[in-house]
Amino acid sequence: MEEMLVHSVVAVGIALLFFYLGFVQRVTGRRRKEAQQHLVAERHIRDMWSPRLSGFSLQMFAHLANSAFGQFCLMPLLLRDSPPPAPAGFRFNGIRDYADSYRSGRLTPSQVAQNIIHALEDSEKSNPPLRTIVQWNRDHILRMAEASTARYRNKTPLSLLDGIPVCLKEEIKVVPYYHRAGTAYLGTEPEVEDATVTRRLREAGAVIIGVSNMHELGTGTTGCNPNRFHGIARNPCNPQHYTGGSSSGSAAAVAAGLCPLALGTDGGGSVRIPAAFCGVVGLKGTFGRISDHGSLPLSYSTVSLGPITTCVLDAAMAYSLLAGPDPQYPYGLNQPAPSLDRIFSPDLKGLTLGVDWTFSKACHAEILEIYEKAVAYLRHLGASVVDISIPELEAISVAHVICIMSEMRDCLHSDFNNHYHEMNLETRTSLALASQFTAVDYIHANRQRSRSMAWLKEIFSTVNCILTPATACTAPCIHDSDLLHGCSDIPTVAQSIRYMQLGNLTGIPGLVVPIGYSSAGLPIGLQVMAKWWDEAVLFRVRLKLEPFQAGTRKPKIFYDVQTSARDVKSSPSHSCA
């Protein structure tokens, strides 16, 4: 009996000793090998588990962390190697990448065209379907690509855009596709005449891969279009989120790698919003700068055509090709010659950037945080950043809505009467709202336009550019009911269009560029606006801003059509962040 008692006491003593050595006695502070120090230093400490601790919980954690248990079990567990980050150095293939491959002979436009066809087929089989390009024709794509391949073989390319894959919004006429403008009832016959921008792209040798999806008749900013010919375009960054609209398919096609250049139309941010939501570059030029001839004349006073690209240099190249007078488009006949003057200046010294901080702060906190850092970065590059105040912003917003919706209601008067039941529910609702506006409302809205233009002239006498966030929110989530009936979400529309309306009402140019990501991994953008006809300064500012973004993330749905599209598609996310 005594022997058992002795064994028990010894066992308890050993247990207490181990408990003391493991959980009570401090073991830190002693000299450790340098090799161990280096190992700890190399771990991803910023990714470790780090809850907020205080009071008793902090006392206990601090004690355990310094015990043998803490040093050999707890802390190594917290400092365990984190999952490897996304591959660094991802970037989109731009126009120059394609051109260099063609000139070197590493690739031909025909090979790229075949990869694009495979990608288009695959994108429609995916779950959910990507729905970027809603009309395309294999034979037409291959025919244009083969002609371009022959020109490169003979060393006679037509331009920098020769052989470059492009798509155009369905609102723009492209032979031989149906000019449906996102509807189920327009474009009953194949188109027989190209729009001016389509013709200019063909003359440059571009390979048109098809026409892209859009919000029906451009009446919304999400890209929600549930009708039978279209479906909802998915955001390649997260397919459970909207692309933005109305040039939804154009932005998604560029972000998904199907083409480095797409064209859209912008009457209320319809190029810039989807560019911001999809993490690419979108340009709305000065009103009249790029011909609108051959595009459905939905709103004659607010709409501008513009490119969506992977980088600002590509936007500048597309702009230089597409801008300029067109005898068939009277609003741009007297424009000054397009210029890219000083876009490669080494810094931003001499430029004054204006920020209306009250206006800029009317966005989500994550957007504002990154936006403020981007503004500070531009100041660091030599730009002078000054506070400005844009008068009557609420009146500007109302005036823009009255102008664009009144003009659309006038353009679609016959459609509203004869095809009402073929329109999406959201379109019917928007046109019903437009029916409430009177001629007096329209006159007052245009008086507001004149006042706002006068104020902008005064502002631009002291600043070169105006900065704002691109949108006040990130890409909204797609709900299951949207797939069948569409949606009407006025608060989201208001947030997405907030920083767009000034440019559309007054006609000044605006460039939207990516500057980061939200905690949910959705793109965040910044907008630069300039005085009329001064697009060059937009490109100059953005080129200097490019290093600010820590890194471009590969979209969850992406096709590298310079290799093999079938092998490089990323797995889509099935959650709505």
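No experiment lies behind these values; they were computed from the predicted model shown.
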What I'd like to find out is whether the side chain of Ile478 reaches to under 4.5 Å of the side chain of Leu483, using heavy atoms alone. yes

Which pair of heavy atoms, one from Gly486 and one from Pro226, lies closest together, and at what distance? N-CG, 3.6 Å

Less than 3.5 Å apart, any donor N or O on the side chain of His485 or Glu426 sitting next to an acceptor on the other? no

For the residue pair Asp314 and Thr309, confirm or rule out a side-chain donor-acceptor distance under 3.5 Å. no

Atom of Ala275, atom of Val281 and distance for their closest heavy-atom approach: CB-C, 3.8 Å

Heavy-atom distance under 4.5 Å between the side chains of Leu502 and Leu456, does that happen here? yes

Under 3.5 Å donor-acceptor, Ser248 side chain and Gly245 backbone: no

Inter-residue atom distance Ser123.OG - Leu258.CG, 0.5 Å rounding: 6.0 Å

Do you know which two heavy atoms are closest between Asp441 and Thr438, and how far apart they sit? OD2-N, 2.9 Å

Is atom CG of Asn418 surrounded by more than 12 heavy atoms (other residues, nucleotides or ligands) closer than 6.0 Å? yes

Between the side chains of Glu121 and Lys125, is the shortest nitrogen-to-carboxylate-oxygen separation below 4.0 Å, so that they form an ion pair? no

Among Glu170, Glu216, Lys169, find the residue that satisfies the side-chain hydrogen bond (donor to acceptor under 3.5 Å, both in side chains) test when tested with Ser246. Lys169

Does Leu412 reach the side chain of Leu298, with side-chain heavy atoms less than 4.5 Å apart? yes

Evaluate Tyr329 against Thr196 for side chain to side chain contact (heavy atoms under 4.5 Å, CB included), listing each step before the verdict. CA-CA 9 Å; Tyr329 183 61; Thr196 296; over 6 Å; no

Using 0.5 Å steps for rounding, measure from the CD1 atom of Ile273 to the OG1 atom of Thr222. 9.5 Å

Would you tell me whether Asn227 and His230 have side-chain atoms, one donor and one acceptor, within less than 3.5 Å of each other? yes

Walk me through whether Asn424 and Thr427 qualify under side-chain hydrogen bond (donor to acceptor under 3.5 Å, both in side chains). CA-CA 5 Å; Asn424 290 338; Thr427 304; 4.7 Å; no

Working for side-chain hydrogen bond (donor to acceptor under 3.5 Å, both in side chains), residues Arg234 and Tyr242: CA-CA 6 Å; Arg234 300 291 179 147; Tyr242 282 110; over 6 Å; no

Do the side chains of Arg180 and Glu171 get close enough for a salt bridge, i.e. N-O under 4.0 angstrom? no

Please report the C-alpha distance between Thr302 and Asn504 in whole Å, then the side-chain angles of each, then the deciding distance to 0.1 Å, and finally whether the side-chain hydrogen bond (donor to acceptor under 3.5 Å, both in side chains) criterion is met. CA-CA 5 Å; Thr302 66; Asn504 289 113; 5.5 Å; no

Do the side-chain N and O atoms of Ser250 and Ser212 include a donor-acceptor pair separated by under 3.5 angstrom? yes

Is there side-chain contact between Arg200 and Asp326, with at least one heavy-atom pair below 4.5 Å? yes

Using a 3.5 Å distance criterion without hydrogens, assess whether the side chain of Thr132 forms a donor-acceptor pair with backbone atoms of Gly249. no

Take Val528 and Cys465 through the test side chain to side chain contact (heavy atoms under 4.5 Å, CB included) and record every step on the way to the result. CA-CA 6 Å; Val528 191; Cys465 297; 3.8 Å; yes

Please test Ile208 against Leu168 for side chain to side chain contact (heavy atoms under 4.5 Å, CB included), starting from the C-alpha separation and ending with a verdict. CA-CA 8 Å; Ile208 298 172; Leu168 297 92; 3.9 Å; yes

Using every non-hydrogen atom in the two residues, find where Asn213 and Ile232 come nearest and quote the distance to one decimal. ND2-C, 4.3 Å

Spell out, as yes or no, whether a donor-acceptor pair under 3.5 Å connects the side chain of Thr286 to the backbone of Arg289. no

Heavy-atom closest pair (Val280 atom, Ala251 atom, distance to 0.1 Å) is CG2-O, 4.4 Å

Using atom types as modelled and distance alone, determine if a side-chain donor or acceptor of Tyr517 lies under 3.5 Å from a backbone N or O of Arg553. yes

Given 3.5 Å as the limit, does a donor-acceptor pair link the side chain of Asp122 with the main chain of Ala119, or not? no

Show me the donor-acceptor pairs, under 3.5 Å and distance only, between side chains in residues 400-408 and residues at least two apart or in other chains.
from, atom 1, to, atom 2, distance (Å)
His400, ND1, Gln501, NE2, 3.2
His400, NE2, Gly267, O, 2.8
Ser406, OG, Ile402, O, 2.6
Glu407, OE1, Ser299, OG, 2.6
Glu407, OE1, Tyr300, N, 3.3
Glu407, OE1, Ser301, N, 3.2
Glu407, OE1, Ser301, OG, 3.1
Glu407, OE2, Ser301, OG, 2.7
Glu407, OE2, Tyr442, OH, 2.6

Take Tyr178 and Phe229 through the test ring-ring contact (aromatic ring centres under 6.0 Å, His included) and record every step on the way to the result. CA-CA 11 Å; Tyr178 297 91; Phe229 286 135; 8.0 Å; no

I'd like to know if the side chain of Ser461 and the backbone of Glu458 have a donor-acceptor N/O pair within less than 3.5 Å. yes

How would you list, by chain and number, every residue that makes a ring-ring contact (aromatic ring centres under 6.0 Å, His included) with Trp357, sequence neighbours excluded? Tyr371

Whether the side chain of Ser247 engages the backbone of Gly264 through a donor-acceptor N/O pair (distance < 3.5 Å, no angle test) should be reported. no

side-chain contact (heavy atoms from CB on, under 4.5 Å) test vs Val197 passes for just one of Leu321, Val174, Ile172, namely Ile172

Contacts of Phe416 meeting ring-ring contact (aromatic ring centres under 6.0 Å, His included) (sequence neighbours excluded), chain-then-number -> Tyr420

Just do the side-chain hydrogen bond (donor to acceptor under 3.5 Å, both in side chains) check on Glu189 and His179 with the steps written out, would you? CA-CA 8 Å; Glu189 298 293 333; His179 190 211; over 6 Å; no

If you look at every heavy atom in Leu186 and Ala181, which pair is closest and at what distance? CD1-CB, 4.3 Å

How about Leu161 and Ile95: do any of their side-chain heavy atoms sit closer than 4.5 Å? yes

Would you call Glu191 and Tyr177 a side-chain contact if the rule is heavy atoms closer than 4.5 Å? no

Any heavy-atom pair between the side chains of Val271 and Leu283 that's under 4.5 Å? no

Applying the side-chain contact (heavy atoms from CB on, under 4.5 Å) criterion to Phe277, which one of Ile524, Thr221, Val512, Thr471 satisfies it? Thr471

Please evaluate residues Val463 and Leu353 with respect to the criterion side chain to side chain contact (heavy atoms under 4.5 Å, CB included), reporting the C-alpha separation (whole Å), side-chain torsions for both, the decisive distance (0.1 Å), and the verdict. CA-CA 6 Å; Val463 304; Leu353 311 179; over 6 Å; no

Any donor and acceptor pair, going by atom type alone, linking the side chain of Arg498 with main-chain N or O of Ala362 inside 3.5 Å? yes

How about Val254 and Leu261: do any of their side-chain heavy atoms sit closer than 4.5 Å? no

Donor-acceptor contact below 3.5 Å, side chain Lys284 vs main chain Ile508: yes

Expected output: side-chain Ser435 to main-chain Leu431 donor-acceptor under 3.5 Å: yes

